[in-house]
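A quick write-up on the structure given underneath.
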Amino acid sequence: MRILTLIVAVVMVISCGNAGPQEGLVNTGQATAINEPVTIGYDMAEAGVEWLELVASGADDDTIREAFFRDVAPTAGCQAIIHHWERFREWDEEIFYDFILEALERKPSDKPLVGEDGQPTVAGHSRRLWLNAVADVDQLRRNLEALQAIDVRAVALAKARRYLPVEADVSNQFHVVLFGASGAFSVGDENGFDLFQLKLLPDGAIDVEWVIDLFAHEIHHSGFSSAMAQHLGAAGDDDRIMLPGVLVAEGMATYYTTPPFPKLEEWRASDDPVDQGLAADWDSHLANMPAIYVQAELDIALGLEGGLTTDDLMKRWLGGMQGPAYGLGVDMIRIIDTELGTDAAVNLARDSRQLLKTYNRAARQVRDDGREAYLFETALADRLAEFELRAEEEE
């Protein structure tokens, strides 16, 4: 679904919280299915590590180019990266290769490395990751081998399914890749995980709980996409209801599988620019939540009139590490879950058009208790709930 594809154009997908029991995580083979039809493939990561070894050896430009397009570009994982970013910009194997060369400082680039907010841009973030990788390819290989030695799928699937409609189909292929931009991404039934951004514990071991939660987040997106497609059909792809769809999808996945709040203090104190960026984004969301609600009301109305473009959505709602869509989505799902119950929130995965009406019911209960809660205009909530494609648009 096109709505869902917009929620993953971010640098990092965060995760924390309890992943549940971790027994039975030993992997007996690569890309093999368990009871649920989820596979994990490592072809791009394996080919990419070998390619970086070639780069580190001092090979010339022609040699590394030939090796990349022969061994790396055709892999399923690399193609998943192409499918991911070609939704938002001009993007193909050649452009991705140039992106990598710029990150490795083998091709000049005038892209700023730091934004106006003082945080690394995508170019700055990717440069740090690719240069770190080529400086210690042996460590990158050890990280890959350690990840291949565990299997987080069963626990991640259970966590994702707990917060999805029963009919949701979570079938998907997970690709472990070398990217340098999105830490993880979901393209319907095709998901990706960037090995560069694997979180390690102080002793150098993989943070298994973090990986479980991140996989659960992306699996949740796959299930969400399935449920929405079953219940909304073509209407779910309509630009006019993009923003509510993003708020539900990212609000649910983040609130239930990767809640930020237990990690905020750790991020604030971290020297890692990614952690610092996440902390800055969430501190801003929390401080400006009333204004974010107001902007959402304006933009949802604008969207229903056909005036909210994909570019508007990306800039206003999905910029930074985790844009305002994450903050607002989490706050709305939190209120719905707390006041109406988890089932009321999960039901929104079937029909995001019900977001404002469901949220308003929960917010009125909050107000009845004497607490503050934003209320959307009833007329707007009704317009969204009643939105449907005209017959000629469905053809």
Side-chain angles (χ1 to χ4, degrees), residues 1 3-4 6-8 10 12-22 36 38 152-170 172 174 183-186 188 191 193 199 207-228 231 244-264 267 278 281-282 285-286 289 318 321-352 354-355 358-359 361-363:
M1 292 184 64
I3 285 176
L4 185 60
L6 294 169
I7 68 177
V8 289
V10 292
M12 192 70 177
V13 175
I14 62 171
S15 61
C16 51
N18 295 322
Q22 297 178 11
E36 293 282 351
V38 175
V152 302
R153 291 168 296 172
V155 181
L157 273 166
K159 185 168 187 176
R161 274 205 168 279
R162 194 179 310 152
Y163 304 107
L164 284 167
V166 66
E167 69 274 16
D169 181 359
V170 299
N172 67 89
F174 245 104
F185 55 87
S186 180
N191 296 332
F193 170 74
K199 185 177 284 294
D207 187 339
V208 176
E209 181 177 314
W210 177 88
V211 177
I212 287 171
D213 288 352
L214 188 148
F215 272 55
H217 187 114
E218 302 307 324
I219 291 170
H220 190 282
H221 285 330
S222 294
F224 177 93
S225 178
S226 165
M228 288 280 283
H231 292 277
V246 169
L247 292 174
V248 175
E250 206 50 79
M252 288 181 64
T254 305
Y255 179 74
Y256 289 123
T257 68
T258 56
F261 310 115
K263 289 288 188 179
L264 272 177
W267 293 338
L278 286 167
D281 277 355
W282 280 96
H285 303 334
L286 294 172
M289 194 59 67
L318 292 168
M321 294 290 181
Q322 294 217 311
Y326 287 79
L328 181 59
V330 165
D331 199 61
M332 294 178 76
I333 295 299
R334 175 188 62 82
I335 291 172
I336 292 168
D337 183 278
T338 301
E339 299 299 322
L340 305 179
T342 301
D343 287 349
V346 168
N347 193 52
L348 292 172
R350 297 182 168 105
D351 188 351
S352 61
Q354 305 304 315
L355 173 61
T358 304
Y359 166 80
R361 282 199 295 123

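Annotation: Phe174 is not in aromatic contact with Phe193 [ring centroid separation under 6.0 Å not met]. Aromatic rings of Phe261 and Trp282 (six-membered ring for Trp) have centroids within the 6.0 Å cut-off, being under it.
Of all the heavy atoms in Met252 and Tyr163, the pair that sits closest is CE-O, 3.4 Å. Considering every non-hydrogen atom in both Ala362 and Glu339, the closest pair reads O-CG, 3.6 Å. Contact between Ala184 and Glu218 at its shortest, heavy atoms only, is CB-OE2, 3.6 Å.
A distance of 12.5 Å separates CD in Glu209 from CG in Leu214, rounded to the nearest 0.5 Å. The line from OH of Tyr359 to CG of Leu348 is 13.0 Å long, rounded to the nearest 0.5 Å. The distance from the OG1 atom of Thr358 to the CG atom of Asn347 is 7.5 Å, given to the nearest 0.5 Å. To the nearest 0.5 Å, the span separating CD1 on Ile335 from CZ on Arg361 amounts to 13.5 Å. Separating the CE atom in Met332 from the CE atom in Met289 is a distance of 10.5 Å, to the nearest 0.5 Å. Rounding to the nearest 0.5 angstrom, the gap separating the CG atom in Asp213 from the CG atom in Asp207 is 8.5 Å.
Between the Asn172 side chain and the Ser222 main chain, no donor and acceptor come within less than 3.5 Å of each other. Between the side chain of Asp281 and the backbone N or O of Gln322 there is at least one donor-acceptor pair closer than 3.5 Å.
Side-chain contact between Phe224 and Pro165 is absent, with no heavy-atom pair separated by less than 4.5 Å. Using a 4.5 Å heavy-atom threshold, the side chains of Thr254 and Pro259 count as separate. The shortest distance between side-chain heavy atoms of Leu164 and Ile219 does not fall below 4.5 Å. Residues Val208 and Val155 are not in side-chain contact: their nearest non-hydrogen atoms beyond the backbone lie 4.5 Å or more apart.
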Go through it in stages, so that I can follow the logic: the residues are Asp337 and Thr342, the test is side chain to side chain donor-acceptor pair (under 3.5 Å), and I'd like the CA-CA distance, side-chain angles, deciding distance and then a yes or no. CA-CA 5 Å; Asp337 183 278; Thr342 301; 2.7 Å; yes
Does the pair Glu250 and His220 meet the rule for a side chain to side chain donor-acceptor pair (under 3.5 Å), with working shown? CA-CA 10 Å; Glu250 206 50 79; His220 190 282; over 6 Å; no
Mind running side chain to side chain contact (heavy atoms under 4.5 Å, CB included) on Ile333 and Tyr256 for me, showing each step along the way? CA-CA 9 Å; Ile333 295 299; Tyr256 289 123; 3.9 Å; yes
Test side chain to side chain donor-acceptor pair (under 3.5 Å) on Ser186 and Asn191; report intermediate values, then the result. CA-CA 4 Å; Ser186 180; Asn191 296 332; 2.8 Å; yes
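Under the ring-ring contact (aromatic ring centres under 6.0 Å, His included) criterion, His231 pairs with no residue at all, not counting sequence neighbours. With sequence neighbours excluded, the residues satisfying side-chain contact (heavy atoms from CB on, under 4.5 Å) with Ala325 are Val246, Leu247, Trp317, Leu318.
With Leu157 as reference, Val38 is the one residue of Ile212, Val38, Val152 to meet the side chain to side chain contact (heavy atoms under 4.5 Å, CB included) rule.
The residues Glu167 and Arg350 are annotated as salt-bridged, a charged nitrogen and a carboxylate oxygen being separated by less than 4.0 angstrom. Contact check on Asp331 versus Arg334 returns a salt bridge, with a Lys/Arg side-chain nitrogen under 4.0 Å from an Asp/Glu carboxylate oxygen.
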